[in-house]
Amino acid sequence: MRKPNHSDLLLSLASGTVLLGFAVNACAQQEKQLDAVVVSASRTEQKRFDAAASVDAVAIDPFRTASPLVNMSELLSAVPGIQIRERQNYAQDLQLSVRGFGTRSTFGVRGVRILIDGIPATMPDGQGQAATATLNSTRSIEILRGPLAQLYGNAAGGVVQVLTNDPPLAPQPPMASLSLGAGSYGQRQTGFTVAGGRSVLGGLLDVSHYETDGYRDHSAAERTQLNGKVLWRPTNNTRITGVVNVFRQPLAQDPLGLTRAQFEQNPRQVVPAALTFDTRKSVEQQQAGLVIEHKLDRSNTLNGRLYAGTRQVHQTLAFSGAAANSSGGVVDLDNHYRGIGVSWTHATKANGMPLNWTIGMEADDLDQARKGFVNNNGTSGALRRDELDGARNVDLFGQLDWTFAPQWKATAGVRSSRVRLSVDDRYVTVASPNDSGSVDYRNTSPVLGLVWYVNNDLNIYGNLGRGFETPTLAESAYRAGATGPNLGLQPSRSLQGEVGMKWRSGAQSLDLALFNARSRDEIVPQTTENGRSIFQNIDKVQRRGIEASWRNDIGRYSTQLAYTLLDAQFRQSFLTGQNTVVATGNRLPGAPMHSLVTQLEYRPASGLSTAIEVRLESRAYVDDLNTEAASGYGVVNLRAGQELRAGAMKWYLYGRLDNVFDKQYAGSVIVNDGNRRFFEPAAGRRVFIGMRAML
């Protein structure tokens, strides 16, 4: 695999421009997105266009989306500033980063807060999961980027909020739908949704099941998801929503990454260690929550949330972990978590102009029973770790929006956070002494913003804010040269700023943002010892860049373009655990400098709708030393769908052809992998065909 050069990137960009030139574009769904209502930027409903922040709202029609709706990566590729990668490895979840925050994660999500119907899918320590969102009943996904995201607390380099459909209340009719699909590499998908209710009380139940044999050897997976929702409107001023979510993944084989030589030889292979130790993961998660909104009067609204859940994880790693001072090669986690939040929003006027403020409190708590066992070639052996870990936070926040002149609005906010991590060591031996301990982190995150409403078609805004990110329990689990947790690891702190504009005229819209973020005490890997990743703090990390998105809607044709330039660098050299120097100017691994997506769609009033998607991405380094890089690539995807009617029944038939030209490329990278197995191959050409029926 040859290294990319500048001509490769220019050729890719040129090809995308040529393809874009063949299209003019529209679609009812895109028109709705232009005026989409968002809540992320100010915690109260407003149009996305008016929000004084970089925020996107992707509207989703679960019935007419020509995709199986298994992963969020199917839906968010055309949002600038976000990298979301489906890794062909369901044992490690999606890779998700916003403006370069979260790129260090080798599993799960770091640095980005995830919420589902207002309930956190990110734990108090900053560890998040993206796979638990049930997309078959999702109505929109909001992505908030930049300084205003800091008002969501720890690890809020960005915010991704998933909002699911409400059940229809009378006089709306009840509904029922069924979905079936199958595709390449043994993909099978089934699901159903039923929903309905009376004038004040309704319910929704969505269940989906997905299986795959996997693109690579030893990468089969199976998962079942349930989303239940009850909506009660006892009065016009009160809304009470109950949610129940179940995520069951009994099998997710882990094929591990590949070295460059292995990737070039055969991207579908699995390394021998994965077979020897039968690397895999199983997950069982159950969660319930209650969200309440009550309007006291025209000026005052109270909001509250209460939730609790459990998450059991059993994971078999690619080593034995038999040493007396090891933590084992089999991880068993039993998580119990809960949380509460309350906020008060007041709408008033100052000097005759609108002034709104919100104050609130959030508290979340996680108890994690963690055990480690020797991996006897895929089965659990002797105990090597037994501890009760804890993570909890208590946050106070406030935000004020004041339209102090007809065309000017100011925003000010602050969030005070306290995060506590603790370890109660219950496995004490001569080789593994008592390593119990705890640490408290405190931070205050202020945010200031200003927006100029130039006219009905143009807004210009700017924001400045400070944020922080604590180490997760997994990242603070080990320290160099000793047993026990690394409680001396400090939280990363950042100063972020952005300026942007939003323009729309008739069928067209253009968003542009320039951003800069500087971090100190950035959390980076120090070394990997016996399967353990040990982290350290370093200073002067910078992420800066440009985001641009353009939509053009004419009749039944639609064109969309999203471009991100991300310059993410270490601005000060530092030493790794092997006394190797990471040079000033090295790029953050997993963060490509250029990303461009174009989508061209034709959606007639009746008949076959078609679309083409082109994704271009420059190379991404795989480690802090920048010794290797995944090459840049360009891929083309096609999709088509047609709606049919038979009496009261509606049918939707769809198909996808991804990676049309069977491009071999690394869809994601495992950053700083100690075995140099950095590369996770993307799937080759693949087909998926599905059908949905709705009554």
Side-chain angles (χ1 to χ4, degrees), residues 39 60-63 65 68-72 75 114-123 128-142 160-170 172-180 189-211 222-234 238-250 282-293 303-312 335-341 364 692-695:
V39 297
I60 299 166
D61 183 344
F63 180 70
T65 299
L69 298 177
V70 175
N71 298 295
M72 276 199 279
L75 304 168
I114 303 172
L115 297 98
I116 302 174
D117 285 327
I119 294 175
T122 299
M123 295 294 102
Q129 306 294 331
T132 54
T134 306
L135 301 180
N136 284 301
S137 54
T138 294
R139 73 173 187 267
S140 70
I141 302 176
E142 297 178 10
V160 175
Q161 178 156 224
V162 179
L163 301 171
T164 64
N165 285 312
D166 288 335
L169 302 183
Q172 298 181 65
M175 61 82 64
S177 67
L178 174 70
S179 63
L180 299 170
Q189 185 268 339
T190 58
F192 71 87
T193 304
V194 292
R198 299 182 178 180
S199 59
V200 298
L201 181 65
L204 177 147
L205 177 65
D206 178 86
V207 179
S208 60
H209 181 78
Y210 176 77
E211 297 181 44
E222 176 186 350
R223 64 165 58 159
T224 301
Q225 293 176 265
L226 179 149
N227 178 44
K229 194 169 188 179
V230 175
L231 175 60
W232 182 30
R233 301 291 301 266
T238 304
R239 173 189 174 97
I240 301 174
T241 305
V243 292
V244 175
N245 305 110
V246 176
F247 179 86
R248 183 176 182 270
Q249 184 173 278
S282 63
V283 180
E284 290 268 0
Q285 178 171 313
Q286 303 85 27
Q287 178 177 289
L290 195 66
V291 180
I292 302 172
E293 178 183 311
N303 288 274
R305 75 176 186 213
L306 179 69
Y307 72 96
T310 64
R311 180 178 175 90
Q312 289 80 35
N335 299 282
H336 293 258
Y337 56 91
R338 74 288 300 171
I340 188 172
D364 306 278
R692 298 187 182 103
M694 178 181 290
L695 180 63

Test item: side-chain donor near acceptor, Thr134 and Asp206, under 3.5 Å: no
Qualifying residues under side chain to side chain contact (heavy atoms under 4.5 Å, CB included), relative to Val230, sequence neighbours excluded: Leu201
Shortest non-hydrogen separation from Pro168 to Ala195 and the atoms involved: CD-CB, 3.6 Å
Considering all heavy atoms, the nearest Ser199-Leu169 contact: O-CD1, 3.7 Å
Residues that Asn165 engages under side-chain hydrogen bond (donor to acceptor under 3.5 Å, both in side chains), provided they are two or more places apart: none
Side chains of Ser282 and Glu284 in contact at under 4.5 Å (non-hydrogen atoms): no
Contact summary for Tyr307 and Ile119, nearest pair of heavy atoms: CG-CG2, 3.7 Å
Interatomic distance, Gln161 atom CD to Ile116 atom CD1 [nearest 0.5 angstrom]: 10.0 Å
Partner set under side-chain hydrogen bond (donor to acceptor under 3.5 Å, both in side chains) for Ser177, not counting sequence neighbours: none
Pairwise distance OG1(Thr164) to CG(Leu135) - rounded to 0.5 angstrom: 11.0 Å
Where Gln129 and Thr132 come nearest, the two heavy atoms and their spacing: O-OG1, 3.9 Å
Leu69 vs Gln189, side chain to side chain contact (heavy atoms under 4.5 Å, CB included): CA-CA, chis, key distance, verdict: CA-CA 9 Å; Leu69 298 177; Gln189 185 268 339; over 6 Å; no
Residue list, side-chain hydrogen bond (donor to acceptor under 3.5 Å, both in side chains) with Thr138, at least two apart or on another chain: none
Pairwise distance CG(Asn227) to CD(Gln225) - rounded to 0.5 angstrom: 9.0 Å
Considering all heavy atoms, the nearest Pro167-Gly196 contact: CB-O, 4.4 Å
Qualifying residues under ring pair (Phe, Tyr, Trp, His ring centres under 6.0 Å), relative to Phe247, sequence neighbours excluded: none
By side chain to side chain contact (heavy atoms under 4.5 Å, CB included) - contacts of Pro174 (at least two apart): none
Partners meeting salt bridge (Lys or Arg N to Asp or Glu O under 4.0 Å) with Arg305 (sequence neighbours left out): Glu362, Asp364
Any residue meeting side-chain hydrogen bond (donor to acceptor under 3.5 Å, both in side chains) with Arg139, in chain and number order, not counting sequence neighbours: none
Salt bridge (Lys or Arg N to Asp or Glu O under 4.0 Å) partners of Asp117, counting only residues at least two apart: Lys229
Could you list the donor-acceptor pairs under 3.5 angstrom formed by side chains in residues 285-292, with sequence neighbours left out?
| residue | atom | partner | partner atom | Å |
| --- | --- | --- | --- | --- |
| Gln285 | OE1 | Arg311 | NH1 | 2.5 |
| Gln285 | NE2 | Tyr337 | OH | 3.4 |
| Gln286 | OE1 | Thr310 | OG1 | 2.7 |
| Gln287 | OE1 | Tyr337 | OH | 2.8 |

Under 3.5 Å donor-acceptor, Arg239 side chain and Trp232 backbone: no
Under the salt bridge (Lys or Arg N to Asp or Glu O under 4.0 Å) test, residues paired with Arg338 that sit two or more places apart: Asp365, Asp367
Residues forming a salt bridge (Lys or Arg N to Asp or Glu O under 4.0 Å) with Glu211, sequence neighbours excluded: Arg188
Separation of Ile60 CD1 from Leu75 CG (nearest 0.5 Å): 4.5 Å
Atom pair CG/CD of Asn335 and Gln312 - distance to nearest 0.5 Å: 7.5 Å
Nearest heavy-atom neighbours spanning Arg223 and Asn71: NH1-OD1, 4.0 Å
Gap separating the CE atom of Met694 from the OG atom of Ser179, nearest 0.5 angstrom: 10.5 Å
